[in-house]
2 protein chains.
Amino acid sequence: MKVGIVGIGLIGGSFAVDLRKEYEDVLLVGYDTSPENLDQAFELGLIDKKGEVSDWELLDLVIVSVPVNAMLNVLPNVLDQISNDCLVMDAGSTKRPICEVVADHPKRRNFLACHPIAGTEFSGPQAAHQGLYDGKTMIICEVEKTAFKLQERGMDLIKRVGMRVRYMHPKAHDKHIAYVSHLSHISSFMLGKTVIDKEENERDIFDLAGSGFESTVRLAKSSPDMWTPIFEQNKDNVLETLTEYISNLQDFKNKMEEGDFKSVYEQMVNTNRIKEILKGIPLTKTTK
Amino acid sequence: MKVGIVGIGLIGGSFAVDLRKEYEDVLLVGYDTSPENLDQAFELGLIDKKGEVSDWELLDLVIVSVPVNAMLNVLPNVLDQISNDCLVMDAGSTKRPICEVVADHPKRRNFLACHPIAGTEFSGPQAAHQGLYDGKTMIICEVEKTAFKLQERGMDLIKRVGMRVRYMHPKAHDKHIAYVSHLSHISSFMLGKTVIDKEENERDIFDLAGSGFESTVRLAKSSPDMWTPIFEQNKDNVLETLTEYISNLQDFKNKMEEGDFKSVYEQMVNTNRIKEILKGIPLTKTTK
């Protein structure tokens, strides 16, 4: 199988690693706007060759894993280049704008709109590793718009890397992911900012911070290049979550100011329910 | 050595486990207001006997690990009961009120004010385990107010369980810990509340949530019985952090509303610096 990886970072690179492991005789062709990334991906053995224009029509599968703003240009271009028999999958953290931009593309049936719920706070080819997707969920949107034979090829890859599938409408995906992912990233970034701004002596942060602090600001190490376009594309939904979150924090603050610790206690008891909900979520491997 | 553990939960229980491992011939005497906790601690082998009044004067070391509101009553009572040669250490997440309540106690020199920067989101005797403190930091306040010989006994225990020591003024401790721990817990609880309130179909949370979400709401599993008293005792400092945090979130929201994603990007780049700061913090063991 000949596979193109467009954007060889954590996401694309980790697919490359798994593809090599799962498929015999796979040729991995890499495309990236950054020559350094391309070089590094090649040196790390993530790809077998740096892609040329002439390679496109030979590919059986393309994974497009670029920031979601770039995706709006790159995806239609990729669809222009590939053969009729090639499956193109994306990995965008937003789905509606991406689905919309290719809605009327002549090769729409070659595209499977995907969002792998997997990642770490690290970026770039050096972050790519085996098993990133194992036990994780793949969200697929508008599956009926993908040619059946190509759906099968996609499902095969998805199963082989160990993922389960959930189908969602793009609009619903973007609405819910704002609460369950995008807001978490903003809360982490702003928590990190709050602490960095106040704790002028960084030794204090280092000494007093335990794993609790670390887990709430872990996402503040995420790539602004990846996340700014996501917030921008999913702006309305993200703003809704921010409004709710700020309102809840303000309410908590008011209760504390009034000395109403009974309510403070009750709110926390009610939120403890998250324990049950989270029981099924696969935890990230502990990374140093 | 005869050791009293007052409050045999995650914190006290884990000290008990380490004490048994590190000291030969240690007798562990447990005190707890909850008969169920006491029973369970005994069954789990965390303690050798349930403490009686007559045991106090025989103890060489007492660890008091109860919620910080209870601490204000329990700690002076423990100091009343122990012999002149006994060291009492606490584990309170706030320090100023606790230090104040025993400032004029006749046995002040028997007390070493401690805050072990260690924990998980789990509670109770069943959560106790070996190695919770290994590689972690012990904050000690007002060390000069503890008798020198007893300081040494405390340092010995602290080293044996694998901790490093940092000395702080109680007021400074409470101010900084508000930013580097207490705020994280509130952010987690409110994030959890925001998502639970909005995501009526919990299946959506489960399906869409990845490790990023999990790490930002992990602390929302924490014990309200432990954390409400902490927020109440450290109210002024915690309110200050909340004000800052809400202000930063509001600012981020405004920038998004105005479409100023250049500023959004820059803020995130500046916060990426947390990577370097966090490099030294020992991560929690991955728990399922």
Side-chain angles (χ1 to χ4, degrees), chain A residues 117-118 137 166 176-177 179-181 184 187-195 198-199 202 204-221 224 228 232 235 239 242 244-246 248-250 252-253 256 261 264-265 268-269 271 274-275 277-278 280-281 283-284 286, chain B residues 117-118 137 166 176-177 179-181 184 187-195 198-199 202 204-221 224 228 232 235 239 242 244-246 248-250 252-253 256 261 264-265 268-269 271 274-275 277-278 280-281 283-284 286:
Chain A
I117 308 298
T137 301
R166 164 87 190 259
H176 294 297
I177 204 81
Y179 277 97
V180 186
S181 169
S184 285
S187 81
S188 261
F189 272 112
M190 290 304 99
L191 201 59
K193 179 185 186 341
T194 303
V195 174
K198 268 298 180 174
E199 291 290 337
E202 288 167 12
D204 285 327
I205 303 179
F206 180 81
D207 283 334
L208 292 173
S211 59
F213 175 71
E214 201 282 334
S215 61
T216 48
V217 296
R218 183 168 71 86
L219 301 181
K221 303 184 215 172
T228 309
E232 188 167 8
K235 176 173 156 171
L239 281 172
L242 259 178
E244 291 289 323
Y245 184 49
I246 290 169
N248 281 326
L249 285 163
Q250 190 61 54
F252 195 91
K253 185 178 163 227
M256 281 190 63
F261 287 94
V264 162
Y265 179 81
M268 293 199 287
V269 168
T271 309
I274 203 95
K275 266 187 250 193
I277 299 171
L278 287 184
I281 297 173
L283 295 174
T284 206
T286 306
Chain B
I117 307 299
T137 301
R166 165 85 191 261
H176 294 299
I177 204 81
Y179 277 96
V180 185
S181 169
S184 285
S187 82
S188 261
F189 272 111
M190 291 304 100
L191 201 58
K193 179 186 189 335
T194 304
V195 174
K198 268 297 179 175
E199 291 291 337
E202 289 167 11
D204 285 327
I205 303 179
F206 179 82
D207 283 333
L208 292 173
S211 59
F213 176 71
E214 201 283 334
S215 63
T216 48
V217 296
R218 183 168 72 84
L219 301 181
K221 303 185 216 171
T228 309
E232 189 167 7
K235 176 173 157 174
L239 282 172
L242 260 178
E244 292 289 323
Y245 183 48
I246 290 170
N248 281 326
L249 286 162
Q250 190 62 55
F252 194 91
K253 186 178 163 230
M256 280 190 64
F261 287 94
V264 162
Y265 179 81
M268 293 199 286
V269 168
T271 310
I274 202 95
K275 266 188 251 193
I277 300 171
L278 288 183
I281 297 174
L283 296 174
T284 206
T286 306

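Values reported hereafter were calculated over all heavy atoms of this structure, with side chains retained and with hydrogens, waters and symmetry mates removed. Within every chain, numbering begins at 1; the chains are lettered A, B, ... in the order of the sequence lines, protein sequences first and strands thereafter. Just so we're clear, the structure is a prediction, and the values are computed from it rather than from any experiment.
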Rounded distance (nearest 0.5 Å) linking atom [atom1] of [X] with atom [atom2] of [Y]:
X      : Y      : atom1 : atom2 : value
A/T137 : B/L208 : OG1   : CG    : 8.0 Å
A/K253 : B/L242 : NZ    : CG    : 7.5 Å
A/K198 : B/Y179 : NZ    : OH    : 4.0 Å
B/E244 : A/K193 : CD    : NZ    : 9.0 Å
B/Q250 : A/L249 : CD    : CG    : 11.0 Å

Quick check: closest heavy atoms across [X] and [Y], and the distance to 0.1 Å?
X      : Y      : answer
B/R218 : A/S211 : NH2-O, 3.3 Å
A/Y265 : B/T228 : CD1-OG1, 3.3 Å
B/T216 : A/S188 : CG2-OG, 3.6 Å
B/A220 : A/I274 : CB-CG2, 3.9 Å

Among B/L239, B/V217, B/V264, B/L219, who wins on heavy-atom pairs under 4.5 Å with chain A?
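Among the listed options, the one with the most contacts to chain A is B/L239.
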
Run the numbers on B/T194 and A/N248 for side-chain hydrogen bond (donor to acceptor under 3.5 Å, both in side chains), then give the verdict.
CA-CA 7 Å; B/T194 304; A/N248 281 326; 2.9 Å; yes

Pairwise side-chain contact, [X] with [Y], heavy-atom cut-off 4.5 Å (strictly under):
X      : Y      : result
A/V195 : B/V180 : yes
A/K235 : B/F261 : yes
A/F213 : B/S184 : yes

Please enumerate all residues that pass salt bridge (Lys or Arg N to Asp or Glu O under 4.0 Å) together with A/K221, with sequence neighbours excluded.
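Scan of A/K221 (salt bridge (Lys or Arg N to Asp or Glu O under 4.0 Å), adjacent residues dropped) gives A/E121, A/E214.
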
Structural part of B/S187 lying under 4.5 Å from a heavy atom of chain A:
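The answer is both parts of B/S187.
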
Which bit of B/A118 comes within less than 4.5 Å of chain A, counting heavy atoms only: side chain, backbone, both or neither?
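No part of B/A118 comes within 4.5 Å of chain A.
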
